[in-house]
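Presented below is the structure to which this report refers.
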Amino acid sequence: MNKILLWSVTAALAGFLFGFDTVVISGADKQLQLLWHSSDMFHGIVVIGMALWGTVIGAFFGGIPTNKIGRKNTLIWIGVFYTISAIGSGLANDAWTFAFFRFIGGLGVGASTIAAPAYISEIAPAKDRGKLVGLYQFNIVFGILMAFLSNYLLNDIGENAWRWMIGIEAFPAAIYTIIAFTIPKSPRWLLTKFRNNEAIKVIHKINPDQDPEKLMLEIKDEMDNTVANENIFLKKYRFPLILAFCIAFFNQLSGINALLYYAPRIFEEAGLGQSTALLSSIGIGITNLVFTLVGVSLIDKLGRKVLMYIGSVGYIISLGLVSAAFYFNWGGLSVPVFLFLFIASHAIGQGAVIWVFISEIFPNHIRASGQAFGSSVHWILAAIIPSLIPMLFSKIGPSIVFLIFTLMMVLQLLFVMFLMPETKGITLETLSENLTNKNVNKNEIKETSTADIL
């Protein structure tokens, strides 16, 4: 288990760079708009949004290298992309060059949401899979916190503070790229490529007392029920496809990325000064980290569905209060407090669950493609929504924006109640068998013994 934990942590560090890269722009947001005299639309769509569209492309096509060259090699290339992006965008002298290098970083972010959860889910025991894949989410929020803290500390170092804010990511990115070489390849990926001898060696590394033949037989049975060149859009995969779409759709319709990207701007809209707004952003990062730890520690005990119930109710309450605070001009610390509640709800619910859940619901041979679909839905919305925030705030106001997010979370609660199955403690192969059966009772997936299976 110690080896599995070490390898899981290493792969999950891609999440740290994901979180850092995604949020570090918030500290330079207004500086860059003033520096390049950008309109709200150009700033939102190009300066901020180009990284998001890179993430969409990375998510959409990330399943290809994850399947072809493997989870491990894809993770290494992700580190390379992060490093190039940080150096290039930190040295950029115009908006388009900056946007180009941020786009490269976005490719890494999108691909990491496929390769890292897939890798960890395929080496983890079923009983611990939730919290081990959850390490990826923990690293995302740890990266977010470090980005907020870094931005705060570098904010007053001079007119080129934004360059240091953006460029400092190159150091952890280079370190991650090097240590990614130390992890083994995924045994399940090796078996789907019929590289049985290599797979057996990795399985023995993971658990020397385990009989690899059992896992090999289960994967062979699964492969026997497939045909060559299958894709995720076949009728038998409709249900996991719907699940992946819904959880990704509602994740972004909560407004989470809009908040993370524009936290200082939102706090200034609520009447806080620039320095206080940046400090409040650190509070968001700390809240996110603490409650992500809570969610990750509970995901294999309470299950994915219970956490989604808790998160959905918390979303509705907190977003409703934020909307009311802006509408009635409550001022003071009311908006930060309500947004902290929102972040706590996200961290313990969607934040802890989304990447675990999407990595579980597809069969081994199409897992990367299924995750690419779910990640693409997530990131397309993550590109569209934050890109529109500056314009929406100026046109209809933050009160209406947060009211719309509130109503979408009511719909998420209905999704959890009537459609989402529980997946905790069930092997990937059993989940594959049940979720691709059109007659499955979506709330009662059969349990199986997991003592001797990865």
Side-chain angles (χ1 to χ4, degrees), residues 7-22 55-56 58-60 62-63 66 71 74-75 78 108-124 126 128-144 186 240-241 243-252 254 256-257 260 288-289 291-300 303-305 307-308 311 346-362 367-382 412 416 420-424 428 431:
W7 296 331
S8 298
V9 169
T10 301
L13 288 174
F16 175 87
L17 296 169
F18 164 175
F20 195 99
D21 188 86
T22 300
T55 303
V56 171
F60 191 82
T66 305
R71 286 64 162 135
T74 303
L75 288 170
I78 287 167
V109 171
S112 79
T113 61
I114 301 166
Y119 178 83
I120 299 170
S121 71
E122 290 176 355
I123 67 169
D128 298 315
R129 190 174 59 239
K131 61 174 175 279
L132 288 175
V133 179
L135 289 171
Y136 177 71
Q137 177 64 21
F138 171 79
N139 274 276
I140 292 173
V141 300
F142 185 49
I144 289 171
S186 160
L241 209 63
L243 293 175
F245 175 87
C246 287
I247 198 165
F249 176 85
F250 287 120
N251 183 285
Q252 285 305 301
S254 69
I256 181 62
N257 273 40
L260 294 177
N288 203 358
L289 184 70
F291 282 91
T292 295
L293 279 172
V294 174
V296 170
S297 67
L298 293 176
I299 193 168
D300 286 319
R304 289 61 161 149
K305 190 163 182 170
L307 294 189
M308 287 291 289
H346 172 80
I348 205 169
Q350 269 272 13
V353 172
I354 180 171
W355 305 119
V356 175
F357 189 72
I358 294 177
S359 74
E360 294 175 323
I361 58 179
F362 292 98
R367 178 166 297 112
S369 299
Q371 284 185 253
F373 171 79
S375 294
S376 297
V377 172
H378 175 280
W379 287 114
I380 287 171
L381 292 172
Q412 175 178 273
V416 176
M420 182 180 178
E422 182 54 74
T423 59
K424 76 178 179 82
L428 295 176
L431 285 170

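One-based numbering along the sequence shown.
At a threshold of 4.5 Å between non-hydrogen side-chain atoms, the residues Ile140 and Trp355 count as touching. The closest side-chain heavy-atom distance from Leu132 to Leu135 is below 4.5 Å. Within the 4.5 Å cutoff, the side chain of Leu243 has heavy atoms near those of the Pro421 side chain. No side-chain heavy atom of Pro117 sits under 4.5 Å from any side-chain heavy atom of Val356. Looking at Arg367 and Leu428, their side chains come closer than 4.5 Å, going by heavy atoms from C-beta outward. When side chains are defined from C-beta on, Ile144 counts as touching Asn288, because their heavy atoms get closer than 4.5 Å. Side-chain contact check for Gln371 versus Ser359: some heavy-atom pair is nearer than 4.5 Å. For the pair Phe16 and Ser112, the minimum side-chain heavy-atom distance is 4.5 Å or more.
Here the CH2 atom belonging to Trp7 is positioned 6.5 Å from the OH atom belonging to Tyr119, to the nearest 0.5 angstrom. For the atom pair Ile299 CD1 and Ile348 CD1, the distance stands at 10.5 Å (nearest 0.5 Å). Considering CG of Asn257 and CG of Leu381, their distance stands at 10.0 Å, rounded to 0.5 Å. A distance of 11.0 Å separates CG in Leu298 from CZ in Phe291, rounded to the nearest 0.5 Å. Considering CD of Gln252 and CH2 of Trp379, their distance stands at 6.5 Å, rounded to 0.5 Å. To the nearest 0.5 Å, the span separating OG1 on Thr22 from CZ on Phe20 amounts to 11.0 Å.
Remark: the backbone N or O of Met420 is paired with a side-chain donor or acceptor of Lys305 at under 3.5 angstrom. Between the side chain of Lys424 and the backbone N or O of Arg304 there is no donor-acceptor pair closer than 3.5 Å. Distance alone, capped at 3.5 Å, is enough to place a donor-acceptor pair between the Ser376 side chain and the Phe60 backbone. A donor-acceptor pair is defined here as one N or O able to donate and one able to accept, closer than 3.5 Å; such a pair exists between the side chain of Asp300 and the backbone of Gly130.
Of all the heavy atoms in Arg71 and Ala368, the pair that sits closest is NH1-CB, 4.2 Å. Nearest heavy-atom pair, Leu75 versus Ala11, reported as atom, atom and distance to 0.1 Å: CD1-CB, 3.9 Å. The two atoms that bring Leu307 and Ala352 nearest to each other are CD1-CB, 4.4 Å, heavy atoms only. In this structure, Thr74 and Ala115 approach most closely via the heavy-atom pair CG2-CB, 3.9 Å.
A donor-acceptor contact closer than 3.5 angstrom links the side chains of Glu360 and Thr423. Judged purely by distance below 3.5 Å, without hydrogens or angles, the side chains of Tyr136 and Thr113 never pair a donor atom with an acceptor atom.
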Let me see the working for Leu289 and Phe138 under side-chain contact (heavy atoms from CB on, under 4.5 Å), right down to the final yes or no.
-> CA-CA 7 Å; Leu289 184 70; Phe138 171 79; 3.2 Å; yes
Checking side-chain contact (heavy atoms from CB on, under 4.5 Å) for the pair Leu241/Phe362: CA distance, chi angles, key distance, verdict?
-> CA-CA 8 Å; Leu241 209 63; Phe362 292 98; 4.2 Å; yes
Please tabulate, for the side chains in residues 244-251, all donor-acceptor contacts under 3.5 angstrom to protein atoms that are two or more places apart in sequence or on a different chain.
unit_1	atom_1	unit_2	atom_2	d
Asn251	OD1	His378	NE2	3.3
Asn251	ND2	Gln350	OE1	3.0

